[in-house]
Number of protein chains: 2
Amino acid sequence: MDVKDIKILLVDDEDDVLDFMKYNLDKEGFQVHTAQNGLDAIQVAKKVFPQLIILDLMMPKLDGIETCRELRAIPEFKNTLVAFLTAREEDYSQIAGFDAGADDYITKPIKPCVFISRIKALLRRLETNQTGGKLRVGDIEIDRDRYLILKDGKEIILPRKEFELLSLLASKPGRVFKREEILSKVWGNDTIVGDRTIDVHIRKLREKIGDEYFKTIKGIGYKFDA
Amino acid sequence: MDVKDIKILLVDDEDDVLDFMKYNLDKEGFQVHTAQNGLDAIQVAKKVFPQLIILDLMMPKLDGIETCRELRAIPEFKNTLVAFLTAREEDYSQIAGFDAGADDYITKPIKPCVFISRIKALLRRLETNQTGGKLRVGDIEIDRDRYLILKDGKEIILPRKEFELLSLLASKPGRVFKREEILSKVWGNDTIVGDRTIDVHIRKLREKIGDEYFKTIKGIGYKFDA
DNA sequence: ACCATTCAAAACAGTATGTTAACCTTAACT
DNA sequence: AGTTAAGGTTAACATACTGTTTTGAATGGT
């Protein structure tokens, strides 16, 4: 994805912080939107659908954690990246919302170059996470909206896990996905399933889609290739 | 990177603080090492090559800031994460060493869950920095995402250990990696393998990639050069 | 309530990969 | 040049990892 296609929503009640961030992100070519409190932030977010939202923790009307919760409750923002902005001095025990939805936190003050690289590092996660839409790899088309596969014009209907596994692998053709990465993205972080489960699903995919597309990298994981 | 491959070095002169941190990090599955002062810390660090070092500010022999400076002066630890541990009451203006190398600081007392999430947030920086991406050295390209080597446009597929060994050596072309460093980074600290194991893997790499790239430094280790 | 489908676990087999041991070669130092 | 210590080579061996099948438990629809 190109930098100029990425929308970032900055939310902070202090003008100078907002200016600092906006200036640096503008310079990199991002589309930058701003809001001064949580309520406004949600309004703006619903309009522009940013890929990343940077939320100050301490804000009037709706603080960062609450804003994050509300956003996460909206399906459209399930995969939106959210980063918290905190002052170094703030009491970290307050950051209970960490595990509950934030993707990163950034402490201020922060140097411009560090700030930018943190943002870029965060955005890198997007690339593998995209959901929805269609995806073509070779002669295979994955329709995420309709939950079906098209191969040689024929529809193939896959069970959910198989579909999601294929979807993940095909989202970056050629790239190897480690077993743990597959587990965390298809099964979720908390679920504990046996090692063989992935193999079984891969086997079913090979059966239904074709053996040649799925390559095993021993000791690492699998990759999809056309 | 898997949790169990992450090494954390805890440095504090107070036993109870050390115990608290070790207990919680152990529980998460990290490999935890400890030291009671700065001098010991540097010794341990040189042996185990941790990804993260947590340094108490106030310590006998060598305080946190000084220890951090010394570590940063050693090339091997340029990319190691360093977090400071401070009492809430301490005057933050004293933390001059902040810009000079620390990646974060943590105030004590701190709740276990907050402590853990801080650590995890810190470690997340590692992933985007060192895994993934491509690496070019001369006419050889190492594609970490696809787990393959490109040489003269040809794909070379390497087994895991060979790939990781090459990956390590090529990450700093020309630099010599000591045998113990190779062992700790490719094999891990806990695994005990014989002396000849490295040689065998180097041999296989020379076979597959080319003899000329791998230079032996007797009594020290190996380096990769184009 | 029943059946079909999907998912996960367990058991086992096959094989690539990793390790070792023994022996050979090379390089450094006297 | 001889000696010694370190690395190189090879093949046998061990093991870790994946592939496959079977079985049983959930799940969801009729």
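Chain letters run A, B, ... following the sequence lines, proteins first and then strands; every chain starts at 1.
Summary of helix geometry: the two end axes of the helix from C/dA1-D/dT30 to C/dT30-D/dA1, each defined by five base pairs via their C1' atoms, are inclined to each other by 40° (rounded to 10°).
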Quiz item: When you check every protein heavy atom under 4.0 Å of nucleotides 19-30 of chain D, what one-letter string (B, S, -) results, 5' to 3'?
Solution: BBB---------

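Minimum heavy-atom separation, B/Arg160 to A/Gly219: NH1-O, 3.0 Å.
For A/Phe30, there are no ring pair (Phe, Tyr, Trp, His ring centres under 6.0 Å) partners at least two apart in sequence or on another chain. B/Asp26 pairs by the salt bridge (Lys or Arg N to Asp or Glu O under 4.0 Å) definition with B/Lys22, not counting sequence neighbours. For A/Lys120, the salt bridge (Lys or Arg N to Asp or Glu O under 4.0 Å) partners are A/Glu28, not counting sequence neighbours. With sequence neighbours excluded, the residues that form a salt bridge (Lys or Arg N to Asp or Glu O under 4.0 Å) with B/Glu207 are B/Arg203. Under the salt bridge (Lys or Arg N to Asp or Glu O under 4.0 Å) criterion, A/Arg146 pairs with A/Asp143, not counting sequence neighbours. Contacts of A/Arg206 classified as side-chain hydrogen bond (donor to acceptor under 3.5 Å, both in side chains), with partners at least two apart in sequence or in another chain: A/Thr216.
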Are any protein N/O atoms closer than 3.5 Å to N/O atoms in nucleotides 24-30 of chain C? If there are, list each pair with its distance.
none

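In this structure, B/Phe224 and B/Phe214 have perpendicular ring planes: the angle between them is above 60°, well past the 30° mark.
The phosphate of C/dT6 has neither OP1 nor OP2 within less than 4.0 Å of any side-chain N or O from A/His201. Look at A/Thr197 and you won't find any side-chain N or O under 4.0 angstrom from OP1 or OP2 of C/dC7.
Computed from coordinates, the B/Lys204 NZ to D/dA11 C1' distance equals 11 Å when rounded to whole Å. Rounded to a whole Å, the CD1 atom of A/Ile198 is 12 Å from the C1' atom of D/dC17. Atom CG in B/Leu205 sits about 15 Å away from atom C1' in D/dT9, given to the nearest Å. Whole-Å rounding puts the A/Trp187 CH2 to C/dA8 P distance at 6 Å.
In this structure, B/Lys178 places its NZ atom where only 12 or fewer heavy-atom neighbours from other residues, nucleotides or ligands lie under 6.0 Å away. No more than 12 heavy-atom neighbours from other residues, nucleotides or ligands sit within 6.0 angstrom of CD1 on A/Ile157.
Residues from residues 154-170 of chain B placing a heavy atom under 4.0 Å of any atom in DNA chain C, listed by number, are B/Pro159, B/Arg160, B/Lys161.
Pairs passing the ring pair (Phe, Tyr, Trp, His ring centres under 6.0 Å) check and including a residue from residues 135-163 of chain A, sequence neighbours excluded, read A/Tyr147-A/Phe163. A salt bridge (charged side-chain N to carboxylate O under 4.0 Å, His left out) check over residues 215-226 of chain A, counting only residues at least two apart or in different chains, returns nothing.
Judged purely by atom type and a 3.5 angstrom limit, B/Arg72 uses its side chain to pair as donor or acceptor with the backbone of B/Thr80.
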